[in-house]
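For reference, the structure is listed below as structure tokens.
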Amino acid sequence: MTAPVTGAATAPVAPAQVSLTPVFVRLKLSLMRNGLRQSSGRTAAFVASLVVVLLIAAFMVLGFLLLRGHAAAGAISVLAVAVFALGWAVMPLFLPSGDETLDPSRLVMLPLRPEPLVRALLVSSLVGTGPLFTLCLAFGAAVAVTHGAAATVTAVLAVPLILLVCVALSRAIATANVRLLTSRKGRDMALLSGLVIALGIQAVNFGAQALGRAKDLSALDTVASVVGWLPAASAAAAVKSAFDGDLVLAAARLAVSAAAVVALLWWWRRSLVRLMVEPDGSTIGAAPDTVKDPAAGRGLLARLLPGGRTGAVMERCFRYIWRDPKTKASWVTALAIGALVPVFNAFQEAGSVYWACFASGMLGMQMFNQFGQDSSAFWMVSQTIASPADAFAELRDRAYVMIAVTVPYTALVAVVTGLIAGGWSQLPEVFGLAFALLGAMLALGVVASVRYPYGIPQDSHRNVAPGQGGMAVAAIFGGMLAGPVLCAPLIALLIWLRVSDQHALLWLLLPLGVTYGALLLWGSLRLMSGRMYRRLPEILTAVSKS
């Protein structure tokens, strides 16, 4: 070791300052790359989902381009941005997200300062399909009303502002509520939020339908003039104001969005500081005075279910639905939307009792990713599967749970829809189509659960483990498209009987639909039971990922 020079002043050498931003960006890209390397199925699902997002974004931008010069272009742009910003605020809390770099609870042990951490998280948040889609939306909304130099300059400022407001809003809300969302009571509160989202989606849906039937779109200008002062939407409204020649108003609207970005970043930083330095007492409670009987509460459920393995599997699944917050939220949302869509459409002039099939389709989606709700506890289930016959029984008994809930629920929704919209004579064929669709969705759910399982983290607000989001989205949307396709023979038979005026034979759709759905489910169970038995280690690895 070289000795220091005598008499020279020595000082400790400061460690090199490493910028967090490129580290977090590389971390996110590495997580995405490693997730895709795990299997070719995940890579194909991610690529397919990316292609779908890009196609939707392209059509959306094309739609905005076609709006150029239309009187309602400005109002539609402002409202579209506002709805999308609202989606950024609420959807990431409940829909799949695979971004591990954005979970601040995993960073509490690292010596990171708030300001660099906020910058790094913000920049890494801009990497992904969601921000890309938002950027396309902002670009299209700006282009729709951009005419002239002033509007062009304003649009150049407005587009990044819209993206920053959406991302900062989403991250600030998620960080402020991360402890609430990861606690048991907090995740139970997500049920109410799920219902609010379901109602909000339906409100937007029927608002769009009413707008499509309206002959005069002048009412949009009144709504847009108010919404245009809200963050993100105000940036889109600023472009229209600049085009109209009111530069002061355009600057004021841009200032609203810019101030919102600053306020959201401050709120985000404050939430990060609290998360890093304050102890978490959200799940600490007083010790109970007495210990409950482990057998308490089992009587009624156990008496209603069959004995043996079937009853045990069904009871386990029902208890997951009731006790696991994420499973419960998923079921409540499906039940709410499955009833709201048929009933609300029944009140419309075009309402039909056939909308009751939507209920069975929504609940049938719960069959997808059956093993994800087990998480790492699936290893206990795997110990009971010693042959393809055991795998067949496990999948069959899980399907029984779906049937036990969906059949009476669909019947109730169909009766209520028929009461509102009329068409009592159509109920037999509606039941046939609904039960056939249920069988198709359950069959697809069996295939997706075995071939494309994914983990559901229990200690995070995310619903999909990192690197598996693309596969989850592809499986779900693929099932939504493939379900009606599998029911094409019954739909063709219904159309033929209607066209040929053989209404007296329409009741045959009920037994045919029940039989067809049962055959689809039985076929998928037979096909996938052997594959499930052989893939038990892979399934366990996938669903245990968090």
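The minimum heavy-atom distance between Leu247 and Ala150, with the atom names listed, is CD2-CB, 3.9 Å. The two residues Ser125 and Trp268 have their closest heavy-atom pair at OG-CH2, 4.4 Å. Ala73 and Ala144 make their closest contact through CB-O, 4.0 Å (heavy atoms, listed as atom of the first residue, atom of the second, distance). The shortest heavy-atom contact between Ala224 and Val78 is O-CG1, 3.9 Å. Listed here is the closest heavy atom pair of Ala138 and Val159: O-CG2, 3.8 Å. The nearest pair of heavy atoms linking His70 to Ala72 is ND1-N, 3.0 Å.
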Output, in order, the C-alpha distance, side-chain angles, deciding distance and verdict of side chain to side chain contact (heavy atoms under 4.5 Å, CB included) for Met441 and Ser360.
-> CA-CA 9 Å; Met441 298 304 294; Ser360 61; over 6 Å; no
Intermediate values then yes/no, side chain to side chain contact (heavy atoms under 4.5 Å, CB included), Phe318 and Val405 = CA-CA 10 Å; Phe318 277 122; Val405 177; 3.8 Å; yes
What's the verdict on side chain to side chain contact (heavy atoms under 4.5 Å, CB included) for Leu363 and Met402, showing C-alpha distance, side-chain angles and the deciding distance?
-> CA-CA 7 Å; Leu363 291 191; Met402 304 295 161; over 6 Å; no
Go through the steps to decide whether Met60 and Cys136 satisfy the test side chain to side chain contact (heavy atoms under 4.5 Å, CB included), and finish with yes or no.
-> CA-CA 8 Å; Met60 181 179 60; Cys136 293; 4.2 Å; yes
Kindly indicate, with the supporting measurements, whether the criterion ring pair (Phe, Tyr, Trp, His ring centres under 6.0 Å) is fulfilled by Phe84 and Phe133.
-> CA-CA 10 Å; Phe84 212 76; Phe133 189 83; 5.4 Å; yes
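A salt bridge between Arg398 and Asp374 is present, with a side-chain N of the basic residue lying under 4.0 Å from a carboxylate O of the acidic one. Using a 4.0 Å cut-off between a side-chain N of Lys or Arg and a carboxylate O of Asp or Glu, Glu538 and Arg451 do not qualify as a salt bridge.
Within the model, atoms CD of Gln366 and CG of Leu442 stand 11.0 Å from one another, a figure rounded to the nearest 0.5 Å. A distance of 11.0 Å separates CD1 in Ile162 from CG in Leu157, rounded to the nearest 0.5 Å. Atom-to-atom distance recorded for Thr21:OG1 and Arg119:CZ is 6.0 Å, nearest 0.5 angstrom. Note that CE of Met380 and CG of Leu540 are 12.5 Å apart. Values are rounded to the nearest 0.5 Å. Between Leu265 atom CG and Leu169 atom CG the span is 11.0 Å, to the nearest 0.5 Å. Between atom CH2 of residue Trp267 and atom CD1 of residue Ile173 there is a gap of 5.0 Å, rounded to the nearest 0.5 Å.
Using a 4.5 Å cut-off on side-chain heavy atoms (C-beta onward), Phe24 and Leu117 make contact. At a threshold of 4.5 Å between non-hydrogen side-chain atoms, the residues Phe243 and Val145 do not count as touching. No side-chain heavy atom of Lys240 sits under 4.5 Å from any side-chain heavy atom of Ser77. Using a 4.5 Å heavy-atom threshold, the side chains of Trp88 and Thr134 count as touching. Between Ile385 and Met532 the shortest side-chain heavy-atom distance falls below 4.5 Å. Val401 has its side chain within reach of Ile321: a pair of non-hydrogen atoms, C-beta onward, lies under 4.5 Å apart. Taking 4.5 Å as the limit, every side-chain heavy atom of Val53 sits out of range of all side-chain heavy atoms of Leu132. Using a 4.5 Å heavy-atom threshold, the side chains of Arg270 and Pro114 count as separate.
Ser257 and Ser234 form a side-chain donor-acceptor contact under 3.5 Å, judged by distance and modelled atom types alone.
In this structure, Phe64 has its ring center at least 6.0 angstrom away from the ring center of Phe139.
Using modelled atom types, one side-chain atom of Ser449 and one backbone atom of Met367 make a donor-acceptor pair closer than 3.5 Å. At distances below 3.5 Å, not a single donor-acceptor pair connects side-chain atoms of Ser170 with backbone N or O atoms of Cys166. Remark: side-chain polar atoms of Arg171 are not paired, donor with acceptor, to backbone N or O of Leu121 under 3.5 angstrom. At distances below 3.5 Å, at least one donor-acceptor pair connects side-chain atoms of Lys28 with backbone N or O atoms of Ser124. Between the side chain of Lys328 and the backbone N or O of Trp322, at least one donor-acceptor pair lies under 3.5 Å.
With sequence neighbours left out, Arg269 forms a salt bridge (Lys or Arg N to Asp or Glu O under 4.0 Å) with Glu115.
Other residues, nucleotides and ligands contribute over 12 non-hydrogen atoms within 6.0 Å of the CZ atom of Arg68. Within 6.0 Å of CH2 in Trp379 there are 12 or fewer heavy atoms belonging to other residues, nucleotides or ligands.
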